[in-house]
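Here, residue 1 is the first one in the sequence, and each next residue gets the next number. Values reported hereafter were calculated over all heavy atoms of this structure, with side chains retained and with hydrogens, waters and symmetry mates removed.
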Amino acid sequence: MCYDDDATPPVASTGTPVTSGPLTLTSTDGTRLAAYLAVPERPTGAGVVVIPDNRGLAPFYESLAVRLAEHGHPAIAYDHFGRTAGPSTEGRGGGFPRMEDYAALTRSRQQDDMTAALDRLRELGGAQVALGFCMGGRLAFFASEPRFGLAGVIGFYGHPGIAGPYGPGPAQHAADLSAPVLGLFGGADEGIPESAVKEFGDALTAAGVEHEFVVYPGAPHGFFDVRNDEHADACADAWRRVLAFLGRPGLGQVGLDRPGLDQVG
């Protein structure tokens, strides 16, 4: 897992007015899951579905949703463990997630949960982008499939290749992908060798999928954290690239009337 309760996105607040708060989503199979929605007072950019690591919805991702909203991007982060842990993240101890929580995860269920978050985000209009971390980064890469209707996907240190217990990864399914991909990786990530990143890039090139990969020398897995002072430059560059990717032409909000903001909390 990437982030504990003390982790904080290495992004300063802009102070821009944002409406934010928790809500509950309902997945395809009726599962209720925790989520956190942040909406700017004046949306100007693409909406972002934030996909957490394998610890699920944590304060890091709630804060990140707010930081994105401060830059004009409506953002929703959601939990992976509604089926086993219920629709609240309250009271989860240091031993969470448990093996039974992980055992209930399948890619189809995770994608159904992501779709529930996307459906809520789409109520706000405009284009949508997926932004994921670790396991969530891998899911974000898979979300480049056209059936999700995304304008792009961003993955921080998501394993792109064959990795247990997940099996074949986005690199092996590159022919099924279509939305532009931004991949951000740590050069010292022991779980993701640069050869796996290269293999993914080669597969996307062969499939004709627009992509940009950045590998930060010496940066570990989970480097995007304010506590990693020695990797502050990598964090700043990664955030700059995220905002640039979200700000590409055609991804602005058009005709947005801010429906449903009273239902954020």
Would you call the rings of F213 and F141 parallel, tilted or perpendicular if under 30° counts as parallel and over 60° as perpendicular?
tilted

Determine whether the side chains of R147 and Q111 contain a donor N or O and an acceptor N or O closer than 3.5 Å.
yes

Under 3.5 Å: donor-acceptor pair, side chain of R109, backbone of A104:
yes

What distance separates E62 CD from T89 OG1, expressed to the nearest 0.5 Å?
6.0 Å

In terms of hydrophobic clustering (I, L, V, M, F, W, Y; side-chain heavy atoms under 4.5 Å; direct or indirect links), are L121 and V18 co-clustered?
no

Within-4.5 Å side-chain heavy-atom neighbours: R120 and E123
yes

Where do P59 and D5 come nearest, in terms of heavy atoms and distance?
CD-OD1, 3.6 Å

Closest non-hydrogen contact found for T26 with A116 is O-CB, 3.6 Å

Tell me whether the centres of the aromatic rings in F224 and Y157 are closer together than 6.0 Å.
no

Using a 3.5 Å distance criterion without hydrogens, assess whether the side chain of D101 forms a donor-acceptor pair with backbone atoms of R98.
yes

Are the side chain of H211 and the backbone N or O of G183 linked by a donor-acceptor pair below 3.5 Å?
no

Spell out, as yes or no, whether a donor-acceptor pair under 3.5 Å connects the side chain of T24 to the backbone of L33.
no

Distance-only, no hydrogens or angles: does the S178 side chain make a donor-acceptor pair with backbone N or O of S144 under 3.5 Å?
yes

With rounding to the nearest 0.5 Å, note down the distance linking CG in L57 to NE2 in H80.
9.0 Å

Identify whether F142 and V48 are in the same connected component of the hydrophobic contact network (ILVMFWY, side-chain heavy atoms under 4.5 Å).
no

So how far is it from F60 CZ to D225 CG, rounded to the nearest 0.5 Å?
6.5 Å

Measure the shortest side-chain to side-chain distance between T84 and Y102 over non-hydrogen atoms and say whether it is less than 4.5 angstrom.
no

If you define the side chain from C-beta out and look only at heavy atoms, does anything of S27 sit under 4.5 Å from R83?
yes

With a 4.5 Å heavy-atom cut-off, do Q110 and L105 have their side chains touching?
yes

Taking 4.0 angstrom as the limit, do D53 and R55 come out as a salt bridge?
no

Please tell me if the side chains of L246 and L68 come closer than 4.5 Å, counting only heavy atoms from C-beta onward.
yes

Does R240 offer a backbone N or O that forms a donor-acceptor pair with the side chain of D237 under 3.5 Å?
no

For the residue pair A219 and H231, what are the closest heavy atoms and their distance?
CA-CE1, 3.7 Å

Which atoms form the tightest heavy-atom contact between A34 and P87, and what is the distance?
CB-O, 3.6 Å

For the backbone of G56 and the side chain of D79, can you confirm whether one donor and one acceptor N or O come within less than 3.5 Å of each other?
no

In short, C2 meets C134 closest at the heavy-atom pair SG-CB, 3.2 Å

Going hydrophobic residue to hydrophobic residue with side-chain gaps under 4.5 angstrom, can you get from Y3 over to I76?
yes

Return yes if a side-chain donor-acceptor contact under 3.5 Å exists between Y78 and D113, otherwise no.
no

May I ask you to test the L139-M114 pair for a side-chain heavy-atom distance under 4.5 Å?
no

Can you see which heavy atom on A174 is nearest to which on V209, and at what distance?
O-CG2, 4.2 Å

Give a yes or no on whether the backbone of F223 and the side-chain of N228 come within a donor-acceptor separation of less than 3.5 Å.
yes

Cation-pi check, R248 to F245: give yes when NZ or CZ is under 6.0 Å from the six-membered ring centre and within 45° of the ring axis, no otherwise.
yes

For the CD atom of E199 and the CG atom of L204, what is their distance to the nearest 0.5 Å?
10.5 Å

Is the Y36-Y61 ring centre distance short of 6.0 angstrom?
no

Taking everything shown except R32 itself, do over 12 heavy atoms lie less than 6.0 Å from its CZ?
no

Within a radius of less than 6.0 Å around CD of E194, do more than 12 heavy atoms belonging to other residues, nucleotides or ligands occur?
no

Please answer whether the main-chain N or O of D189 pairs with a side-chain N or O of H221 as donor and acceptor at a distance below 3.5 Å.
no

Taking CD in E190 as the centre, count heavy atoms belonging to other residues, nucleotides or ligands within less than 6.0 Å. Is the count above 12?
no

Begin from the C-alpha positions of L177 and V153 and carry the test side chain to side chain contact (heavy atoms under 4.5 Å, CB included) through to its verdict.
CA-CA 10 Å; L177 308 183; V153 302; over 6 Å; no

Let me confirm one number: the CD1-CZ distance from I192 to F200, rounded to the nearest 0.5 Å.
11.0 Å

Minimum side-chain heavy-atom gap P74-P40 below 4.5 Å
yes

Just to verify, what does T16 make a side-chain contact (heavy atoms from CB on, under 4.5 Å) with, not counting sequence neighbours?
T14, E70

4.5 Å side-chain heavy-atom contact, L184 and V242:
yes

Mind checking the CG-OG1 spacing from L25 to T115? Nearest 0.5 Å is all I need.
11.0 Å

